[in-house]
Every structure is written in C-alpha cells, then in structure tokens.
Undergrad: 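After the structure tokens below, expect a handful of questions from me.
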Amino acid sequence: MVSVALDGPAGAGKSTTAREAAKRLGFLHVDTGALYRAVGLDVLRRGGDPADPGDVLPFLEDMRISLKFTGEGQRIYLRGEDVSEAIRIPEASMAASAVSAIPEVRTFLLELQRELARKNNVIMDGRDIGTVVLPEASVKIFLTAAPEERAMRRYKELLAKGAQADYDTVLEEVQRRDYNDSHRAAAPLHRAEDAWLCDTTGLTLEGVIQAVVDYVLQKSEGAR
Ligand code: DC
C-alpha cells in the first residue's frame, strides 16, 4: 500500500489538492481535519467547552465517528448522522482547533486513521500525518503558503458560498489557528524532516495538484 502524508497549515489548499490528486492517482482521500471538526461540533452541540478536557473527555465515550467514501469523496458521520456540511461552520473550525490540543482526543482518532492507511492507498491530509499518524508513510509532503494568501483563498471561498466575510477577520483567524496548531504540546504542526516542503504562494491550484501527483508517482515507483 502507498500512503501519502499531506500536512500543512490551515488554508494551504491541502484538502482540494489532496482530493484532486487522489482522484488522478486512484487513491482514497482522507481528510483528517473533518474528524477533529466532528469532535468539536459534538462538544459544542452538547454545550461543552471544546478547550476544557474536563468537558470533552466524558463526551468521547459515546462519540461514534465514522467515515464513508463515495465517488464524490469523504462523508463523515456522528452517531450515524451525516455531519459533512455541519462541520464546516466557523464555530466548528475553532472548536476543532481547541479539541485537537487535547492528547486523549488525538489518541481517540489515531487508530481509525491508521486502519484506513493499512487497507487502502491513501492521500491523508492533516497536521501530524507524516510526524505521528503515519511516520512510515512512503511519501510525505508539507504544503504551505504565506498567511495573507491563505487568508485570501479562504475569504474568496466564503464569498463564493454566499457567506458574509471580512478579510481582516479571516486573516486574524488563520494566524490564530496557525499559532494554536503549532504551539500546542500534543502533536504540534511541524514539517517532518523527510517531507518535501512545497510552498504554493503564487502557484495555481492546477500547478500544485500536478506537482503533487508527479512527486507521488516518482517517490512511490515500484510500491504501487
Ligand atoms: O484542516 P481543518 O481546517 O479541517 O482542521 C481543523 C482543525 O483540526 C485544525 O485547527 C487543526 C486540527 N487538526 C489536527 O490537529 N490534526 C489533523 N491531522 C487535522 C486537523
């Protein structure tokens, strides 16, 4: 099996790149951020504070999260309910960032991610895939871009969805999440030593997708 670990900060284009590259390679695209978002959403819905382990840990006991893969991509279920759209609200982003700092939450989600990589050729996108989840991944890529560019992409995405958005607020949120994600004690965001650093500032999405596909093919030659 070939495992591609695709890590990087929020808004670097990981999800879109991973989804398209997976399609071209015939691999499964696993969006691991969705798992943390589902945990965050559940905590919010149950009235808990996502930053407080005292609130979050008891909820884990009956937090059944599962993934399904369709021709259209990944769907995520929380106790059987499809929450694939619900987890995209901004409150769920901040809640995901908060719960992801709790070590027990990371452990809770670890086996599900590893199991998928054991059984499928995967492109898994996240923050700690190359460093913690799949340290033996055959291919590791760290995708990044300047914060201003990542904020601009998110801002345009929100406008395209018809949402109200303010660029400065989006930039502030991107920077706050970067800080949280790279300064937490549990599995902080950093590039694995053996990961290819791919800076997408100024590149087109198509250019990035093709570069990732080419890199995967080159690195995994013989393993497929
Ligand atoms: O990629 P995303 O925006 O959907 O991720 C949501 C949050 O989950 C993000 O703030 C960091 C966290 N996350 C993580 O800690 N580890 C991962 N493998 C994926 C996401």
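Just so you know, these numbers come straight off a predicted model, no measurement behind them. Counting convention: from 1, in listed order, for ligands and their atoms alike.
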Undergrad: Arg106 versus ligand 1: do any nitrogen or oxygen atoms come within less than 3.5 Å of each other?
TA: yes
Undergrad: Is the closest N or O pair between Arg154 and ligand 1 shorter than 3.5 Å?
TA: no
Undergrad: Show me which atoms of ligand 1 lie under 4.0 Å from any heavy atom of Ser100.
TA: 12 (C), 15 (O)
Undergrad: Assess, by modelled atom type and distance only, whether the side chains of Thr70 and Arg75 contain a donor and an acceptor separated by less than 3.5 Å.
TA: no
Undergrad: Can you report which non-hydrogen protein atom sits closest to atom 11 (C) of ligand 1, along with the distance?
TA: Asp181 OD2, 3.5 Å
Undergrad: Quick one: nearest non-hydrogen protein atom to atom 8 (O) of ligand 1, plus distance?
TA: Tyr36 CB, 3.5 Å
Undergrad: Below 3.5 angstrom, do we get any N/O pair linking Arg127 and ligand 1?
TA: yes
Undergrad: Hey, does Gln113 come in under 3.5 Å of ligand 1, counting only N/O atoms on both sides?
TA: no
Undergrad: Can you check whether Val122's main-chain N or O pairs, donor with acceptor, with Asn120's side chain at less than 3.5 Å?
TA: no
Undergrad: Any nitrogen or oxygen of Arg184 lying under 3.5 Å from a nitrogen or oxygen in ligand 1? Just yes or no.
TA: yes
Undergrad: Show the atom names and distances, to 0.1 Å, of all donor-acceptor pairs under 3.5 Å that link a side chain in residues 206-213 to residues at least two apart or in another chain.
TA:
unit_1	atom_1	unit_2	atom_2	d
Glu206	OE1	Arg24	NH2	2.9
Glu206	OE2	Arg24	NH1	3.2
Gln210	OE1	Arg24	NH1	2.9
Gln210	NE2	Asp214	OD1	3.1

Undergrad: Got the closest protein heavy atom to atom 4 (O) of ligand 1, with its distance?
TA: Arg37 NE, 2.6 Å
Undergrad: Please report whether ligand 1 has a polar contact with Asp125, defined as an N or O pair separated by less than 3.5 Å (distance criterion only).
TA: no
Undergrad: Are Arg177 and Ser93 close enough that a side-chain donor and a side-chain acceptor fall under 3.5 Å?
TA: no
Undergrad: Starting from atom 6 (C) of ligand 1, what is the nearest protein heavy atom, named by residue and atom, and what distance separates them?
TA: Arg177 NH1, 3.6 Å
Undergrad: Starting from atom 19 (C) of ligand 1, find the nearest protein heavy-atom neighbour and note its residue, name and distance.
TA: Thr32 OG1, 3.4 Å
Undergrad: For the backbone of Ile76 and the side chain of Lys68, can you confirm whether one donor and one acceptor N or O come within less than 3.5 Å of each other?
TA: no
Undergrad: For atom 7 (C) of ligand 1, which protein heavy atom lies nearest, and how many Å away is it?
TA: Ala96 CB, 3.7 Å
Undergrad: Relative to the heavy atoms of Ser97, which atoms of ligand 1 are at a distance of less than 4.0 Å?
TA: 10 (O)
Undergrad: Can you find a side-chain donor-acceptor pair between Arg64 and Tyr77 that sits under 3.5 Å?
TA: no
Undergrad: With no hydrogens and no angle check, just 3.5 Å: does a side-chain donor-acceptor pair link Asp7 and Thr131?
TA: no
Undergrad: Taking only heavy atoms of Gly126 into account, list the atoms of ligand 1 that are under 4.0 Å away from them.
TA: 17 (C), 18 (N), 19 (C)
Undergrad: Suppose we screen for side-chain hydrogen bond (donor to acceptor under 3.5 Å, both in side chains). Which residues come up paired with Lys23, at least two apart in sequence or across chains?
TA: Glu20
Undergrad: Just by modelled atom types, is the Ser3 backbone N or O under 3.5 Å from a matching donor or acceptor in the Ser138 side chain?
TA: yes
Undergrad: Please check if atom CD in Glu111 has more than 12 non-hydrogen atoms from other residues, nucleotides or ligands closer than 6.0 Å.
TA: yes
